[in-house]
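One structure is given here, and the rest of the page talks about it.
Starting from 1, each residue takes its place in the sequence as its number. A quick note: this is a predicted structure, and the numbers were derived from the prediction, not measured.
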Amino acid sequence: MTLSVEIPDKYAVQLGLDSPGCARRGLEMMALEGYRERKLTRGQVSEMLDQSFNETEAFLLQHGAFIELSAEDYARSSEHLRRFLEQRKPAA
């Protein structure tokens with residue numbers, strides 16, 4: 001999808017969107033905001049930016065994009081991991 005947005009020059013400069021790499025910068029900004037709003041997963045950010053897992057982790061860390069996990073999030077993740085490991089057990 002191609003998205004065209006009109007931004008006043010003074011704000012484009014403030015946002016770092018006045019350089020040859022402005023399309024990439026805009027894409028990164030959208031990916032970060034989507035991640036922070038929990039509309040995109042880390043994996044989707046990685047795919048959107050065409051980055052490896054480690055590159056995406058470094059990108060999110062560099063931009064302070066941390067998602068606080070609740071006790072319920074940890075419990076859900078633990079349950080998913082437990083079920084996954086049970087499926088991988090060799091039959092006795």
Side-chain angles (χ1 to χ4, degrees):
M1 172 183 182
T2 300
L3 175 67
S4 181
V5 179
E6 194 80 25
I7 300 173
D9 290 342
K10 65 182 180 180
Y11 299 121
V13 170
Q14 281 182 275
L15 294 169
L17 298 172
D18 62 332
S19 64
C22 68
R24 176 65 184 196
R25 173 79 177 121
L27 183 64
E28 289 174 351
M29 292 170 76
M30 286 187 277
L32 279 168
E33 189 60 21
Y35 182 76
R36 286 181 177 133
E37 291 182 2
R38 292 184 174 215
K39 293 182 178 178
L40 295 174
T41 65
R42 196 223 47 83
Q44 290 170 322
V45 170
S46 184
E47 184 178 336
M48 190 172 169
L49 300 179
D50 192 29
Q51 294 179 330
S52 71
F53 177 88
N54 290 333
E55 289 169 328
T56 303
E57 289 295 303
F59 172 77
L60 294 172
L61 181 63
Q62 176 186 6
H63 293 284
F66 304 106
I67 291 183
E68 296 290 326
L69 297 178
S70 67
E72 292 81 20
D73 292 329
Y74 283 111
R76 190 171 36 258
S77 292
S78 295
E79 180 59 24
H80 286 273
L81 178 60
R82 185 189 61 73
R83 278 189 267 153
F84 173 76
L85 292 174
E86 281 182 1
Q87 291 173 356
R88 298 195 40 96
K89 282 183 186 177

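- For Lys39, the salt bridge (Lys or Arg N to Asp or Glu O under 4.0 Å) partners are Glu37, not counting sequence neighbours.
- Taking the salt bridge (Lys or Arg N to Asp or Glu O under 4.0 Å) definition, one finds that Arg25 meets it with nothing, sequence neighbours left out.
- For the side chain to side chain contact (heavy atoms under 4.5 Å, CB included) test, residues two or more places apart in sequence or in another chain that qualify with Glu55 are Gln51, Ser52.
- A search for side-chain hydrogen bond (donor to acceptor under 3.5 Å, both in side chains) contacts involving Glu72 returns Ser70, not counting sequence neighbours.
- Scanning for ring pair (Phe, Tyr, Trp, His ring centres under 6.0 Å) contacts around Phe59 gives His63, with sequence neighbours left out.
- The salt bridge (Lys or Arg N to Asp or Glu O under 4.0 Å) contacts involving residues 43-54 comprise nothing, where partners must be two or more places apart or lie in separate chains.
- By the side chain to side chain contact (heavy atoms under 4.5 Å, CB included) test, Phe53 is found to be paired with Arg42, Glu57, residues two or more places apart in sequence or in another chain being considered.
- When the side chain to side chain contact (heavy atoms under 4.5 Å, CB included) test is applied to Ser19, no partner is found at least two apart in sequence or on another chain.
- For Glu86, the side-chain hydrogen bond (donor to acceptor under 3.5 Å, both in side chains) partners at least two apart in sequence or on another chain are Arg82.
- For Arg83, the salt bridge (Lys or Arg N to Asp or Glu O under 4.0 Å) partners are Glu79, not counting sequence neighbours.
- In this view, Arg36 satisfies the salt bridge (Lys or Arg N to Asp or Glu O under 4.0 Å) rule with no residue, not counting sequence neighbours.
- Qualifying side chain to side chain contact (heavy atoms under 4.5 Å, CB included) partners for Tyr74, counting only residues two or more places apart in sequence or in other chains: Leu69.
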